[in-house]
Amino acid sequence: MAGITILGCGMYIPSDLATNEDFAKFVDTSDEWITTRTGIKTRHMANGILTYQMGTEAAKQALREADVAAGEIDLVIGTTVTGDFLTPSMSCMVAGELGMTEVPCMDLNAACAGFVYALDVAQKYLASGDAKRILIVSSEMVTRMVDYTDRSTCVLFGDGAGAMVVAKGEGGFATYISGDPSGAEKIFTKLSMSDSPFRTKTPQWKNPLMQDYPLGLMYMDGNDVYKFAVSAMPRAVEIAAKRLGVTVNQLDLIVPHQANVRIVQTAMKKLGLPMERCYCNIDEYGNTSSACIPVCLNELRQAGRLKPGMKICLVGFGAGLVYGAAAFEIC
Ligand code: ACO
């Protein structure tokens, strides 16, 4: 597969911070439980800013670093499950803020695997020649759908955005994206419907839990998602590495979705790789859904840790249930 070059990265993290102790003030939890069971110490909270606005800030930074003008972007791919509108798309809102007037924009919903899915789509546009420079923007205000009375989910999530400008590159590139939709009821958030004089029958949801669950709040079966993640993540990495033509051990760095440090530790153990071979920032940000991986990449790039020739593998999983990995050479 034709490769990709990262021209620029960006991120936006809201300044408001919530510590584990802050949560212990209103739910039955403790810093000790959250730290040992998840690895999370703090998460940042959007306060007075919208999802598309965080995405715009991250995108501006990525364009600046890439030294690419907004008008030179051929495609904008947004990833979010916590956008401000059902329509227009988050990517349209960001592109509009950036002053773009003639550009295709699309949002992609693959939950926390959104960035990996977006990279898969972007690479295909670049390889076909239909696009030369693509802006991927992953922005999430997960806290807008968090139930702050549910201690098993509310402590896990934070807000933020990551963005990247990519172009065709010379190094190797391989992806594996997949899903197990039989797990659709494991994580869901229901949307509202208008009151319609024509809709006289009550629609039936897939299962009784979905039927009764409050609109707009995220439900998650943490234990089942955990079990899914610890097998899906290593599987995706192994397949992507094989498609790249390398062994897992030849991967220099794994950049995993930041849901729970114990999930990452188990996945790394299954892959036979030491924890030093992966990047984690979950302690500071918690789970920011599809923004996790591009935020990690931005931090790695700013720290000068993405060196030409390195082989890295991004791996994500999330609601759907979906998962995927992208293994490629930095060039
Ligand atoms: N503080 C204290 N106790 C808690 C808390 C908390 N915040 N949350 C749960 N507990 C309790 C439970 O009530 C339970 O108590 P009990 O034994 O008295 O019943 C006990 O801790 C153990 O609960 P478990 O659910 O078994 O705890 P576990 O160690 O599995 O951790 C967690 C739960 C953190 C949710 C874990 O299962 C997990 O990380 N799952 C994966 C979540 C995930 O990856 N989501 C990503 C997708 S999200 C997306 O796509 C938007």
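Sequence positions, counted from 1, serve as the residue numbers for this chain. All values below come from the heavy atoms of this structure, side chains included, with hydrogens, waters and symmetry mates left out. Counting starts at 1 for both ligands and their atoms, in listed order.
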Considering only non-hydrogen protein atoms, determine which one is nearest to [atom] and report residue, atom name and distance to 0.1 Å.
| atom | result |
| --- | --- |
| atom 1 (N) of ligand 1 | T29 OG1, 2.6 Å |
| atom 40 (N) of ligand 1 | G222 O, 3.0 Å |
| atom 39 (O) of ligand 1 | N260 ND2, 2.8 Å |
| atom 23 (O) of ligand 1 | W33 CZ2, 4.5 Å |
| atom 14 (C) of ligand 1 | R151 NH2, 4.5 Å |
| atom 43 (C) of ligand 1 | V225 CG1, 3.6 Å |
| atom 24 (P) of ligand 1 | N223 OD1, 3.8 Å |
| atom 49 (C) of ligand 1 | C112 SG, 3.0 Å |

Could you list which atoms of ligand 1 come closer than 4.0 Å to a heavy atom of [X]?
| X | value |
| --- | --- |
| I263 | 41 (C), 44 (O) |
| T38 | 34 (C) |
| D28 | 1 (N), 2 (C) |
| I187 | 47 (C), 48 (S), 50 (O) |
| R37 | 29 (O) |
| G318 | 50 (O) |
| F317 | 44 (O), 46 (C) |
| A319 | 50 (O) |

Original post:
Can you tell which of H257, M218, M220 gets a heavy atom nearest to atom 45 (N) of ligand 1?
Top reply: M220
Judged by atom type as modelled, is there a donor-acceptor pair below 3.5 Å linking the side chain of [X] to the main-chain atoms of [Y]?
| X | Y | value |
| --- | --- | --- |
| R144 | G83 | yes |
| T35 | E32 | no |
| D159 | T288 | no |
| Y117 | S178 | yes |
| K307 | G304 | yes |
| Q204 | T202 | yes |
| T80 | T82 | yes |

How does [X] reach ligand 1, by side chain, by backbone, by both or by neither, if only non-hydrogen atoms under 4.0 Å count?
| X | answer |
| --- | --- |
| V81 | neither |
| F23 | neither |
| N287 | side chain |

Original post:
So, Q258 and E284: side-chain donor and acceptor under 3.5 Å apart, yes or no?
Top reply: no
**OP:** Evaluate the ring planes of Y285 and H44, with Trp represented by its six-membered ring, and classify them as parallel (under 30°), tilted (30 to 60°) or perpendicular (over 60°).
**Re:** tilted
Distance flag for [atom], protein heavy atom under 4.0 Å:
| atom | result |
| --- | --- |
| atom 4 (C) of ligand 1 | yes |
| atom 17 (O) of ligand 1 | no |
| atom 20 (C) of ligand 1 | no |

Original post:
Closer than 4.0 angstrom: is that true for some heavy atom of V142 and an atom of ligand 1?
Top reply: no
More than 12 foreign heavy atoms under 6.0 Å from [atom1] of [X]: is that the case here?
| X | atom1 | answer |
| --- | --- | --- |
| E170 | CD | no |
| K124 | NZ | yes |
| Y125 | OH | no |
| D67 | CG | no |

Subject >> Steps toward ring-ring contact (aromatic ring centres under 6.0 Å, His included) verdict (F317, Y323) >> reply: CA-CA 4 Å; F317 68 91; Y323 64 111; 9.1 Å; no
